[in-house]
Engineer: 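A single structure is presented below for examination.
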Amino acid sequence: MSAKNNKIKKPAGLVIVYTGEGKGKTTAAIGLAIRAAGWRKKIAVIQFIKGYKEIGEWKFLESIKQIDIYQTHDSKIASIGLPNNQHKSSCLKSLKMLKTLINKDEHDVLILDEINNAISYDLVEAGEIIKILNDRPVRQTVILTGRNAPEEILEIADLVTEMKNIKHPYDIGIQAKRGIDY
Ligand code: ATP
Ligand code: MG
């Protein structure tokens with residue numbers, strides 16, 4: 001077999017997972033969105049669990065034509081705490097939104113922010129997400145962020161990066177900073 005035939009044929013789009021305890025998952029995904037936008041690609045960001053618009057990425061991305069950003073939760077606070085029924089229903093809305101966007105096939109990159117947390121809290125089923133990802137248009141890249149990405153998701157991913165927490169200012173009581181943490 002020639003070297004050319006040996007090459008693994010993969011679809012254009014990838015499944016990318018940013019997980020782990022360290023900082024940088026959401027910002028890495030947003031960084032990739034900006035890179036893709038530079039090539040005139042169209043990007044959608046669905047923020048699972050988050051329902052807070054006083055965050056830098058919302059304020060900026062909302063004004064960018066090529067990037068659509070959605071939140072389905074309504075909350076005055078940035079962090080989730082323990083999930084409740086409201087989180088469950090907003091996750092179902094996010095899932096519906098994801099299916100609608102995939103059906104429309106308008107985006108090159110879809111970012112499912114904090115979806116790994118939503119799965120690990122049992123607000124969304126891993127099996128359902130995997131089915132959606134398997135059936136998506138092959139050109140689409142999907143990025144799943146959040147802590148505790150489940151094994152099934154890691155298995156179907158093409159790229160997995162685990163952010164490892166070496167040091168975080170929070171550990172010595174320094175509070176979240178505007179423009180850096182949110
Ligand atoms: P970022 O949004 O800055 O890329 P992240 O997506 O990796 O961070 P999340 O797990 O979504 O982090 O956490 C949300 C918030 O918690 C962010 O404001 C982030 O700065 C902060 N954070 C991230 N990692 C840590 C950590 N190891 N200890 C304390 N706070 C953290
Ligand atoms: Mg995050």
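Each residue takes its place number in the sequence, starting with 1. Counting convention: from 1, in listed order, for ligands and their atoms alike. Since the model is a prediction, treat every value here as computed from it, not as a measurement.
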Engineer: Does a side-chain heavy-atom distance below 4.5 Å link Lys131 with Glu125?
Structural biologist: no

Engineer: What are the atoms of ligand 1, with element, lying closer than 4.0 Å to any heavy atom of Thr26?
Structural biologist: 2 (O), 4 (O), 5 (P), 6 (O)

Engineer: With respect to Ala28, determine whether any N or O atom, backbone or side chain, lies less than 3.5 Å from an N or O atom of ligand 1.
Structural biologist: no

Engineer: Thinking salt bridges, do Asp105 and Arg139 make one under a 4.0 Å N-O criterion?
Structural biologist: yes

Engineer: Decide if atom CG of Asp135 counts as having more than 12 heavy atoms of other residues, nucleotides or ligands within a radius under 6.0 Å.
Structural biologist: yes

Engineer: Can you name the atoms of ligand 1, numbered from 1 with element, that are less than 4.0 Å from a heavy atom of Glu114?
Structural biologist: 11 (O)

Engineer: If you measure every N or O of Tyr182 against every N or O of ligand 1, does any of those distances drop under 3.5 Å?
Structural biologist: no

Engineer: Specify the protein heavy atom at minimum distance from atom 4 (O) of ligand 1: its residue, its atom name, and the distance to 0.1 Å.
Structural biologist: Thr27 OG1, 2.7 Å

Engineer: Out of all atoms in ligand 1, which are within 4.0 Å of some heavy atom of Tyr170? Include the element for each.
Structural biologist: 29 (C)

Engineer: Does the protein place a non-hydrogen atom closer than 4.0 angstrom to atom 29 (C) of ligand 1?
Structural biologist: yes

Engineer: Side chain of Asp108, backbone of Lys42: donor and acceptor closer than 3.5 Å?
Structural biologist: yes

Engineer: Write out the residue and atom name of the closest protein heavy atom to atom 3 (O) of ligand 1, then the distance separating them to 0.1 Å.
Structural biologist: Lys23 NZ, 2.4 Å

Engineer: Using 2.8 Å as a strict upper limit, say whether an N, O or S atom of Thr145 approaches the Mg ion (ligand 2) that closely.
Structural biologist: no

Engineer: For Gln71 and Lys53, what are the C-alpha separation, side-chain angles and deciding distance, and is it a side chain to side chain contact (heavy atoms under 4.5 Å, CB included)?
Structural biologist: CA-CA 8 Å; Gln71 287 181 350; Lys53 292 173 182 63; 3.2 Å; yes

Engineer: Between the candidates Arg147, Met163, Lys50, which shows the shortest non-hydrogen contact distance to atom 24 (N) of ligand 1?
Structural biologist: Arg147

Engineer: Are any of the protein's heavy atoms under 4.0 angstrom from atom 17 (C) of ligand 1, yes or no?
Structural biologist: yes

Engineer: Any heavy atom of Gly22 closer to ligand 1 than 4.0 angstrom?
Structural biologist: yes

Engineer: Could you give the distance from CZ (Phe60) to CD1 (Ile30), rounded to the nearest 0.5 Å?
Structural biologist: 10.0 Å

Engineer: Check each atom of ligand 1 against the heavy atoms of Glu21 and keep those under 4.0 Å away; list them by number with element.
Structural biologist: 24 (N), 25 (C), 26 (C), 27 (N)

Engineer: Do Asn117 and Phe48 come within less than 4.5 Å of each other through their side chains, counting heavy atoms only?
Structural biologist: no

Engineer: Under a 4.0 angstrom heavy-atom cut-off, which atoms of ligand 1 come close to Asn165?
Structural biologist: 27 (N)

Engineer: Hey, is there an N, O or S on Glu114 sitting under 2.8 Å from the Mg ion (ligand 2)?
Structural biologist: yes

Engineer: Within a radius of less than 6.0 Å around NZ of Lys41, do more than 12 heavy atoms belonging to other residues, nucleotides or ligands occur?
Structural biologist: no

Engineer: Salt bridge or not between Lys50 and Glu57? Use side-chain N to carboxylate O under 4.0 Å.
Structural biologist: yes

Engineer: Looking only at non-hydrogen atoms, which of His168, Lys25, Lys177, Lys164 approaches atom 9 (P) of ligand 1 most closely?
Structural biologist: Lys25

Engineer: Could you tell me whether the side chains of His87 and Asn84 share a donor-acceptor contact shorter than 3.5 Å?
Structural biologist: yes

Engineer: Around atom 8 (O) of ligand 1, find the nearest protein heavy atom and jot down its residue, atom name and distance.
Structural biologist: Gly24 N, 3.5 Å

Engineer: Ignoring hydrogens and geometry, is there a side-chain-to-backbone donor-acceptor pair from Lys177 to Ile174 under 3.5 Å?
Structural biologist: no

Engineer: Heavy-atom distances under 4.0 Å decide this one: backbone, side chain, both or neither, for Asp181 against ligand 1?
Structural biologist: both

